[in-house]
Amino acid sequence: MRTVIKIAGALLEDEGAVRGIATQIASLARAGNELLVIHGGGRLFTATLKRLGIESKFIAGLRVTDRETRDAAVMVFAGLLNRRLSAAFSAAGQPAIGVSAADARCFVAEPLVHNERSGGLGFVGYLTGVNLEFLASLWRAGLVPVAPCLGIGVDDELYNVNADHMAAACAEYLSADQLIYLTDVAGVLNGEEVLSAVTCEEIERLVQSRIVSGGMVLKLEAAKRAIEGGVAAVHIVGGASPDALLCAASTRKGSDNCGSLHPPGTRILREPVSAARAALSAA
């Protein structure tokens, strides 16, 4: 199957979690799956900006990315984190290659419109295309491409793209069979309870009722986009849990290799599910 996997930046700071994910990535690739891994790295990026003395500016909660900030993002995302993750996959027995937007114009972006102004947030963009032929050549060579959350514009500038939305866009443009978000929490939470499933229709109500907030809102919005764009299955699972990735991937094939009655995390579905409805009713 063709699968897009997005790894949360927080997980990249946990060496044990990275090793576990790398082992599962290697297993999926050996089974013949075509994998694309997308990653962010917000915490290290913020820390790097602080070390460089670059002030972080926000408008309505969105980071303003001037050229200096963008250059730091490229250094962190396409440099340190991308190479570290690619090396971990290769060490687990699966050859991987770090690819960035400028490589064969693999990920194309346009400036984000803010307050009706294109580029109002600086070098912040949204994905508009993927070089499928290039990625397919890597899969044929037995490689797993690992991509940071960057896109290249028609002006040949690199743009910072939200990693959750980039993963969803890639899944849509690649006609992926599934999209899996590996997060630093167990899934979509209602208090301490993990919702086993959420529908596209219920996402807005979950946000409005404040059952979900923060980064999970962006993930759910991106997941909804993927489902509506034709991606058959979307999962949000805890990346630090043993075999969580393998288990989520196996459910798409109609088999459960987790050794449990229910797969981990949260599935995003089209049709109403009682678990999500119950959570909304309780709110």
Side-chain angles (χ1 to χ4, degrees), residues 1-14 16-25 27-28 33 35-40 163-168 170-171 176-203 205-207 211-227 231-280 282:
M1 291 191 301
R2 183 171 293 173
T3 302
V4 176
I5 301 165
K6 188 268 178 174
I7 303 177
L11 292 173
L12 301 182
E13 302 172 18
D14 184 337
V18 170
R19 285 194 299 269
I21 292 169
T23 299
Q24 295 172 78
I25 291 282
S27 179
L28 289 172
N33 295 284
L35 308 178
L36 170 63
V37 177
I38 305 292
H39 68 87
D164 291 327
H165 282 276
M166 178 169 172
C170 285
D177 296 292
Q178 61 182 343
L179 167 62
I180 301 174
Y181 288 99
L182 298 179
T183 75
D184 57 346
V185 294
V188 180
L189 302 178
N190 175 31
E192 297 183 358
E193 175 191 1
V194 179
L195 298 178
S196 61
V198 171
T199 68
C200 291
E201 181 182 352
E202 291 160 334
I203 286 175
R205 294 165 58 199
L206 286 169
V207 174
I211 291 176
V212 298
S213 60
M216 187 56 70
V217 174
L218 291 175
K219 283 182 177 59
L220 286 172
E221 290 174 347
K224 179 180 179 182
R225 177 219 168 123
I227 290 290
V231 180
V234 180
H235 300 263
I236 300 175
V237 302
S241 301
D243 296 331
L245 174 56
L246 287 176
C247 183
S250 73
T251 59
R252 177 72 184 96
K253 297 181 179 180
S255 62
D256 182 1
N257 295 329
C258 337
S260 60
L261 183 61
H262 300 291
T266 305
R267 293 175 298 158
I268 309 301
L269 303 174
R270 291 183 182 275
E271 302 301 324
V273 175
S274 58
R277 284 180 167 176
L280 290 166

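Predicted, not measured: the structure shown is a model, and the values here were computed from it. Atoms considered below: every heavy atom in the structure, side chains included; atoms not considered: hydrogens, waters and symmetry mates.
- Of the inter-residue distances, the one linking His165 atom NE2 with Lys219 atom NZ reads 10.0 Å to the nearest 0.5 angstrom.
- Between Gly187 and Met216, the shortest heavy-atom distance links the atoms O-CE, 3.5 Å.
- Two residues are said to be in side-chain contact when any heavy atoms from C-beta on lie closer than 4.5 Å; Val237 and Leu182 meet this criterion.
- For the atom pair Cys170 SG and Ile38 CD1, the distance stands at 4.0 Å (nearest 0.5 Å).
- With contacts defined as side-chain heavy-atom distances shorter than 4.5 Å, the pair Cys247/Pro264 qualifies.
- Remark: side-chain polar atoms of Thr23 are paired, donor with acceptor, to backbone N or O of Arg19 under 3.5 angstrom.
- Ala186 and Val194 get closest at one heavy-atom pair: CB-CG2, 3.6 Å.
- Atom CG in Leu245 sits 10.0 Å away from atom OG in Ser250 (nearest 0.5 Å).
- Going from atom CG of Leu11 over to atom NE2 of His39 covers 12.5 Å, rounded to the nearest 0.5 Å.
- By the side-chain contact (heavy atoms from CB on, under 4.5 Å) test, Ala223 pairs with Tyr181, Val234, Ile268, sequence neighbours left out.
- Scored by the side-chain hydrogen bond (donor to acceptor under 3.5 Å, both in side chains) test, Thr3 finds Gln178 as partners (sequence neighbours excluded).
- The two residues Ala222 and Asp164 come nearest to each other via the heavy atoms CB-O, 3.4 Å.
- Of all heavy-atom pairs between Ala176 and Val4, the closest is CB-CG2, 4.2 Å.
- Going from atom CG of Leu35 over to atom CE of Met1 covers 9.5 Å, rounded to the nearest 0.5 Å.
- Between the side chain of Glu193 and the main chain of Asn190, no donor-acceptor pair closer than 3.5 Å is present.
- Contact of the Ile236 side chain with the Leu220 side chain is registered, since non-hydrogen atoms from C-beta on lie closer than 4.5 Å.
- Taking CG of Leu269 as the start and CD1 of Ile227 as the end, the distance is 7.0 Å to the nearest 0.5 Å.
- Applying the side-chain contact (heavy atoms from CB on, under 4.5 Å) test to Ala10 and every residue at least two apart in sequence or in another chain returns Arg43, Asp184.
- A pairwise comparison of heavy atoms in Thr183 and Val185 identifies OG1-O, 2.7 Å as the closest pair.
- The shortest heavy-atom contact between Ala249 and Leu28 is CB-CD2, 3.8 Å.
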